[in-house]
Amino acid sequence: MLKTFAALMLFACCANAQTNYLITSKADTLYGKVRILSYDLMDRVQLEAGKKKETFTALQVLSVSIDSQLYKPVKYENKILLMKLLKSGYLSLYAFQMENQTRYDGRFLLKLDGTGTEVPNLSFKKFMENFLKDCNTIALKIKSGELTRKDINKIIDEYNTCMKNQVTTPPVVEGNETLLAIESMIKKIEAEEFPSKKDALDLLRDIQGKVSKNESVPNYLTEGLKSYLSNVPSLTEDLNKLFGLLQK
């Protein structure tokens, strides 16, 4: 009985350790006890592994996981904060600590192109209609009052669906090395299981569409894909190969 209890405690300890880690800007995954430290202009992360403690700035990490909750660096006004990821997609929702508070009560919206905004209280309709004007159906629903601030989760879901539907998946052109590499990555991602799988596939298909039309691939797509795959080491080699082909 005691052996069983000890085994369960060891399992729980190991399982917890696996959910606490940070991924550096160089895509290295470091496990240990993780603490987010708030500063005036830039958050920091303290990693404790054994007797060793190391501190990273928010710019030195891609993401932080604490008890299976993901945090990512986000630019907010003149600060870089580690915000809690609540929803991810073409439009992501984050929670952040407002000034002089310890709770994550603030809400921030971030698009894949890097533009973002705190969810407004005043002038919500006018501001959000303009912010999401690249999806006309959502903008019209906000303008008419059909969708309001209390519907923020629905707004995000419908916007992400709208943006996804704007992307069509082209056939792979035989002999095109970049498109073949993308198709190979799609198959490998589909065989993996990780939290940002759906988002990574959406971005990869966006890149596929750009390449098939001989259009330049925006930086936000490649950086987004890198971020979504940063905790999937089995795909690092394929990702580096694809980035190399895209730079030719």
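Owing to the predicted nature of the structure, the values given are computational and were not obtained by experimental measurement.
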Tell me whether the count of non-hydrogen atoms from other residues, nucleotides or ligands lying under 6.0 Å of [atom1] in [X] goes above 12.
{"X": "Lys87", "atom1": "NZ", "answer": "yes"}
{"X": "Glu237", "atom1": "CD", "answer": "no"}
{"X": "Glu190", "atom1": "CD", "answer": "yes"}

Criterion side-chain hydrogen bond (donor to acceptor under 3.5 Å, both in side chains) against Tyr90, the qualifying member of Thr161, Asp206, Asp134, Asp199: Asp206

Can any side-chain N or O of [X] pair as donor or acceptor with the backbone N or O of [Y] at less than 3.5 Å?
{"X": "Gln101", "Y": "Gly106", "answer": "no"}
{"X": "Gln97", "Y": "Tyr104", "answer": "no"}
{"X": "Asn176", "Y": "Thr178", "answer": "yes"}
{"X": "Asn20", "Y": "Lys33", "answer": "no"}

CA sep, side-chain torsions, deciding dist, call: Gln60, Thr24, side chain to side chain donor-acceptor pair (under 3.5 Å): CA-CA 6 Å; Gln60 292 177 308; Thr24 70; over 6 Å; no

Are any of the side-chain heavy atoms of [X] and [Y] separated by less than 4.5 Å?
{"X": "Val61", "Y": "Ile23", "answer": "no"}
{"X": "Leu81", "Y": "Val74", "answer": "no"}
{"X": "Lys197", "Y": "Ile189", "answer": "yes"}

Donor + acceptor pair across side chains of Lys72, Ser227 (<3.5 Å):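 Distance-only check passes for Lys72 and Ser227.
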
Residue pair Tyr71 / Asp43, side-chain donor-acceptor N/O under 3.5 Å: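 The criterion, which ignores hydrogens and geometry beyond distance, is not satisfied for Asp43 and Tyr71.
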
NZ or CZ of Lys111 within 45° of Phe131 ring axis and under 6.0 Å: yes

Within 45° cone and under 6.0 Å: Arg107 NZ/CZ vs Phe96 ring: no

Heavy atoms only: give me the nearest [X]-[Y] pair and the separation to one decimal.
{"X": "Ala181", "Y": "Leu245", "answer": "CB-CD1, 3.7 Å"}
{"X": "Gln69", "Y": "Leu85", "answer": "NE2-O, 3.0 Å"}
{"X": "Leu82", "Y": "Ala58", "answer": "CG-CB, 4.2 Å"}
{"X": "Ser88", "Y": "Ser92", "answer": "CA-OG, 3.3 Å"}

Taking only distance into account, with no hydrogens and no angle test, what donor-acceptor pairs under 3.5 Å do side-chain atoms of residues 146-156 form with protein atoms, sequence neighbours excluded?
residue	atom	partner	partner atom	Å
Thr148	OG1	Asp151	OD2	3.3
Arg149	NE	Pro120	O	3.0
Arg149	NE	Asn121	OD1	3.0
Arg149	NH2	Val119	O	3.4
Arg149	NH2	Asn121	OD1	3.3
Asp151	OD2	Thr148	N	2.9

Glu48 vs Arg35, salt bridge (Lys or Arg N to Asp or Glu O under 4.0 Å): CA-CA, chis, key distance, verdict: CA-CA 9 Å; Glu48 184 177 349; Arg35 289 179 59 212; over 6 Å; no

